[in-house]
Amino acid sequence: MTDLGLLIKDANNFEPYQVFESGQCFRWENDGDGYAGIIKDKVIKVKKLDRDILIENVSKEEINDVIYYFDLDRDYNEIKGKLQFDAYLREAMEYGSGLRILNQEPFECLISYIVSSNNRIPQIKRVVDNLSKMYGKPIKYRGKTYYTFPSPDVLANVQICEVQESRCGFRAEYICDAAKRVAWGDLDLSALKGQDYFTAKAELMKVKGIGEKVADCILLYSLQKYEAFPVDVWVNRVMTEIYIHQKISLKKVGEFARERFGNLAGFAQLYLFYYYRNKRGGVTNDGGIN
DNA sequence: TTCCAGGCGAAGA
DNA sequence: TCTTCGCATGGA
């Protein structure tokens, strides 16, 4: 902790560009001298300073929230060591060496991934941003206004047709349904954290708009279920090309991955997704275009 | 124009 | 259980 904020020295396993542009989160924004985002209703800024990372606007009381959000207590060298047995994954971990899995706020994560279905990342970001501007609380920071993600209570009291103004399309009814379930206590997100992976996943999949893939994303990016292995079009491509060599169902791809990577499957998924998508998708590793 | 996106639900086989 | 199809929206 310094006067400026939380300083992480020699942050080998934390590269802000990789973390925030990996497709796991949708609200962190690069404003030129770092990434700005919101943790627990407070604007936080993350800057890369040579080999160190500076996290600004954090008080002593909030330090544990920030450590939890960025998962700073986890030993990523140990995780990488355990996954070294896999040659392709070694390449992927080298390429995305600064990736980490965030602990996002579960409700925001749930709605964001409902929005993600059959959608593109820039459009997902736009919709999540629209929802925040429409129903979140404004926060001023250094002359700029940011918006918190709306609470379940607020979203539960909004009409479907109104939510559609966020440009979320057919997903509006899923968003409203999910918000009501959480607000009314039918779905207790904090309780899911104490349940095993399969039980928590089945609970999430009761919600309209949440299938295998979206449930895995919510479990992995907000509830610390690292057996989760979200299989989207990109992960399916890389798994088929590198490991499986034949067309099988997406569910079986996930089962294959859990068998191979065990309770580190979620970490493997993020490295594989980032490496394969950026290599094939024509995006470089530092924000540029090939 | 047509295709497709970090999929899902419903219907039919 | 598995396959097929429609779905709002917007960019290529």
Side-chain angles (χ1 to χ4, degrees), chain A residues 18-28 92 96 99-102 104 106 108-131 134 158-179 181 187 201-223 225-226 228-241 246-257 265-283 289-290:
Chain A
Q18 294 182 358
V19 171
F20 297 128
E21 307 291 347
S22 62
Q24 66 177 306
C25 54
F26 304 101
R27 294 252 292 151
W28 287 84
L99 285 169
R100 15 183 358 100
I101 294 180
L102 301 173
Q104 299 179 56
E108 174 175 346
C109 191
L110 184 153
I111 299 295
S112 299
Y113 278 96
I114 285 178
V115 171
S116 80
S117 94
N118 199 27
N119 216 343
R120 290 172 201 264
I121 291 179
Q123 179 69 7
I124 301 164
K125 288 183 174 173
R126 193 173 311 140
V127 171
V128 175
D129 198 47
N130 287 342
L131 288 171
M134 289 161 69
V158 176
Q159 300 296 315
I160 293 174
C161 59
E162 208 179 315
V163 169
Q164 274 172 332
E165 288 174 20
S166 69
R167 316 308 292 159
C168 63
F170 63 88
R171 307 164 192 88
E173 65 165 297
Y174 302 155
I175 293 172
C176 291
D177 178 56
R181 281 175 185 260
L187 176 62
K201 184 170 180 176
E203 198 61 31
L204 282 172
M205 286 175 65
K206 289 179 184 169
V207 180
K208 252 189 150 187
I210 301 183
E212 289 267 349
K213 192 268 173 183
V214 168
D216 270 341
C217 286
I218 299 164
L219 292 168
L220 183 57
Y221 299 132
S222 72
L223 293 165
K225 300 298 175 199
Y226 300 112
F229 190 87
V231 183
D232 70 322
V233 286
W234 290 101
V235 174
N236 188 38
R237 281 172 196 152
V238 63
M239 291 303 289
T240 304
E241 182 185 325
Q246 57 178 317
K247 198 179 164 189
I248 59 173
S249 71
L250 300 182
K251 186 168 182 172
K252 288 197 166 144
V253 172
E255 288 166 3
F256 176 94
F267 296 98
Q269 189 270 359
L270 187 63
Y271 290 119
L272 291 172
F273 173 80
Y274 186 78
Y275 184 45
Y276 195 83
R277 178 172 176 271
N278 284 12
K279 267 203 334 176
R280 296 301 179 92
V283 183
I289 302 295
N290 280 333

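On a predicted model such as this, the values are computed, not experimentally measured, just so you know.
- At distances below 3.5 Å, at least one donor-acceptor pair connects side-chain atoms of A:Gln24 with backbone N or O atoms of A:Leu102.
- What you find for A:Arg237 and A:Tyr276 is that their closest heavy atoms are CB-CE2, 3.7 Å.
- For A:Cys176 against A:Val158, the heavy-atom pair with the smallest separation is SG-O, 3.8 Å.
- Nucleotides of DNA chain B nearest to A:Lys208 and A:Cys217 differ in position, and the one nearer the 5' end is that of A:Cys217.
- Within 4.0 Å of A:Gly211, counting heavy atoms only, lie sugar-phosphate atoms of the nucleic acid but no base atom.
- Listed for the A:Gln269 side chain is a donor-acceptor partner under 3.5 Å among the backbone atoms of A:Pro230.
- Salt bridge status for A:Lys252 with A:Glu212: absent, with no side-chain N to carboxylate O gap under 4.0 Å.
- The shortest distance between side-chain heavy atoms of A:Leu223 and A:Pro106 falls below 4.5 Å.
- Using the six-membered ring where Trp is involved, A:Phe267 and A:Tyr226 have ring planes that are parallel, under 30° apart on the 30 and 60° scheme.
- If you look at A:Tyr113 and A:Phe26, their ring centroids are closer than 6.0 Å.
- Closest of all the heavy-atom pairs between A:Phe229 and A:Met239 is CZ-SD, 3.8 Å.
- Comparing B:dG6 with C:dC5, their P atoms sit 23 Å apart, to the nearest whole Å.
- Among the heavy atoms of the strands, none lies under 4.0 Å from A:Ser112.
- A 4.5 Å side-chain heavy-atom check between A:Asp216 and A:Lys201 finds at least one atom pair inside the cut-off.
- A search for ring-ring contact (aromatic ring centres under 6.0 Å, His included) contacts involving A:Phe20 returns A:Trp28, A:Tyr35, not counting sequence neighbours.
- Applying a 4.0 Å cut-off to non-hydrogen atoms, none of the residues of residues 248-256 of chain A approaches DNA chain B.
- No engagement by A:Phe26 is indicated, since no non-hydrogen atom pair under 4.0 Å with the nucleic acid exists.
- With the nearest nucleotide of DNA chain B identified for both A:Pro230 and A:Gly209, A:Pro230 has the one nearer the 5' end.
- In this structure, A:Arg27 contributes its side chain and A:Val128 its backbone to no donor-acceptor pair below 3.5 Å.
- Within residues 114-128 of chain A, the residues having any heavy atom under 4.0 Å from DNA chain C are, by residue number, A:Asn118, A:Arg120, A:Gln123, A:Arg126.
- In 5' to 3' order, the nucleotides of DNA chain B bounding all contacts with chain A (an atom under 4.0 Å from a heavy atom) are B:dC4 to B:dA10.
- Sorted by residue number, the members of residues 161-174 of chain A with any non-hydrogen atom under 4.0 Å from DNA chain C read A:Arg167, A:Gly169, A:Phe170, A:Arg171.
- Checked against side-chain hydrogen bond (donor to acceptor under 3.5 Å, both in side chains), A:Lys208 has the following partners two or more places apart in sequence or in another chain: A:Glu173.
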